[in-house]
Amino acid sequence: MIWLTRVTGLASVVSGLAIATGMFFPSVESGTGRAVFISFLIGLFTWINFRGMRLSANVISFLTVGKLVPLLSLILVWLFSQPGFELPGSNATLSSWGSALLLLVFMFGGYDVIPVPAGEVKAPTRVVPQALMISVVFVSSIFILLQLVAESSLPGLVSSKTPLADAGGVLLGTHGALFVAIGSILAMAGNNMGQVLTGSRELYGMAAQGDLPKALKSIHSKYRTPANAILITAVAGWLMALSGSFVILAMSSAMARLVVYVGTAGSVIRLRQLEGKQGLRRAEFCVPLGSLIPVIAIAASVVVMLGASQAQFAAGLGALTVGSGLYYFGRRTNR
């Protein structure tokens, strides 16, 4: 299920990338142009990931800086130009709230990729918890501020295909819209790079510990990267991107992510009980308040999942079925 979040995330965001790029080149928004554009991008991300972790990390770092500069500029201009504003009212129904919450889970969910490449990080037991906390606070603050920027600047926000670029046009003029649009494109490209990198490492990790077929732990002879896992992750994301829409894929990704959150929070409670027993050493970082936060996390995840449609539940059940089959096959063949 966690791998499914990477694949559907890759597919949904590269679809959004085609929409954003359509602001400059309308031909890539639909039809053959969209298919060619998406195929080229995923092929490029795959090639970079084949070449190694260092190159992949450097590209992601470059794209991260490139996206933060225009987004932070937009927020600063808005803060100094908006002494006060009122958010519009809402007539949302309970079902629409459920759909909105699923999209929010997708939007705020990127922090969970941080532990994935921890095996290739220096001092992971110290820096990974720090990175998780910093990213949650920093990214949440930026997303909330950007939402306020869009809500207060765009009367026709609901109908906007590129809301941040349109907000940039209102606050910064034509050049500002271009500046923010480029930042949005870089943001989505960086997300795609990260999805291929982390998705492939998850497949490799599960295969390496005997949970999936051995072919998925194949290492490239020259670049020392998980070649088969990278290829399968990229191809799966490519096929989904060509066949689905951004919103549907984003919600599917959120459903898969929530299943993983419930399992992770439950494992924290269990690991607390086993600390110091069965050779399990005490963790270097522990979330405070005992089991309270994991219990709240489980309850919140279940509440949001209840807002899913029957089709989304069916898709999640199908993914669990396929994943269980792969797990069973992998364990059986590895034995």
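Here the structure is a predicted model, which means the values were calculated and not measured. Numbers for residues simply follow the sequence, beginning at 1. Hydrogens, waters and symmetry mates play no part in the numbers below; they use all other heavy atoms, side chains included.
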What's the spacing between [X] [atom1] and [Y] [atom2] if we round to 0.5 Å?
X: Ser56; Y: Leu197; atom1: OG; atom2: CG; answer: 5.0 Å
X: Ser200; Y: Leu231; atom1: OG; atom2: CG; answer: 10.5 Å
X: Leu41; Y: Leu17; atom1: CG; atom2: CG; answer: 5.5 Å
X: Leu171; Y: Leu164; atom1: CG; atom2: CG; answer: 11.0 Å
X: Phe179; Y: Leu71; atom1: CZ; atom2: CG; answer: 9.0 Å
X: Leu10; Y: Met240; atom1: CG; atom2: CE; answer: 9.5 Å

Do [X] and [Y] have side-chain heavy atoms sitting under 4.5 Å apart?
X: Arg201; Y: Pro226; value: yes
X: Val196; Y: Ile42; value: no
X: Asn49; Y: Thr225; value: no
X: Val262; Y: Met305; value: yes
X: Leu203; Y: Met206; value: yes
X: Val127; Y: Lys122; value: no
X: Tyr111; Y: Val139; value: no
X: Val302; Y: Tyr261; value: no

[X] atom [atom1], over 12 foreign heavy atoms within 6.0 Å:
X: Phe285; atom1: CZ; value: yes
X: Phe24; atom1: CZ; value: yes
X: Tyr204; atom1: OH; value: no

Say whether [X] and [Y] are linked into one hydrophobic cluster, either directly or through other cluster members, by side-chain heavy-atom distances under 4.5 angstrom.
X: Leu148; Y: Phe143; value: yes
X: Ile293; Y: Leu271; value: no
X: Ile60; Y: Phe62; value: yes
X: Leu104; Y: Val260; value: yes
X: Val295; Y: Val259; value: yes

Spell out, as yes or no, whether a donor-acceptor pair under 3.5 Å connects the side chain of [X] to the backbone of [Y].
X: Ser140; Y: Val137; value: no
X: Asn58; Y: Arg54; value: yes
X: Arg224; Y: Gly52; value: no
X: Asn228; Y: Ala215; value: yes

Exercise: identify the closest heavy-atom pair between [X] and [Y]:
X: Trp78; Y: Ser152; result: NE1-OG, 2.7 Å
X: Ala297; Y: Ala265; result: CB-CB, 4.2 Å
X: Gly237; Y: Val7; result: N-CG1, 3.5 Å
X: Ala131; Y: Ile114; result: O-CD1, 3.5 Å
X: Val28; Y: Gly22; result: CG2-N, 3.8 Å
X: Ala167; Y: Ser153; result: CB-CB, 4.4 Å

Hey, could you give me each pair passing side chain to side chain donor-acceptor pair (under 3.5 Å) that has a residue in residues 38-47? Not counting sequence neighbours.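 Listed by first then second residue: Ser39-Trp238.
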Judged by modelled atom types alone, do Ser15 and Arg34 share a side-chain donor-acceptor pair under 3.5 Å? yes
Take Asp166 and Val170 through the side-chain contact (heavy atoms from CB on, under 4.5 Å) test and state the conclusion after the steps. CA-CA 6 Å; Asp166 293 343; Val170 172; 5.9 Å; no
side-chain contact (heavy atoms from CB on, under 4.5 Å) evaluation trace for His220 with Arg51: CA-CA 9 Å; His220 194 282; Arg51 296 297 298 269; over 6 Å; no
Between Val287 and Val268, is the side-chain contact (heavy atoms from CB on, under 4.5 Å) condition met? List the steps. CA-CA 9 Å; Val287 177; Val268 171; 5.8 Å; no
Using a 3.5 Å cut-off and no angle test, enumerate the donor-acceptor pairs between side-chain atoms of residues 180-191 and protein atoms at least two apart in sequence or in another chain.
from: Ser184; atom 1: OG; to: Val180; atom 2: O; distance (Å): 3.1
from: Asn191; atom 1: OD1; to: Gln195; atom 2: NE2; distance (Å): 3.3

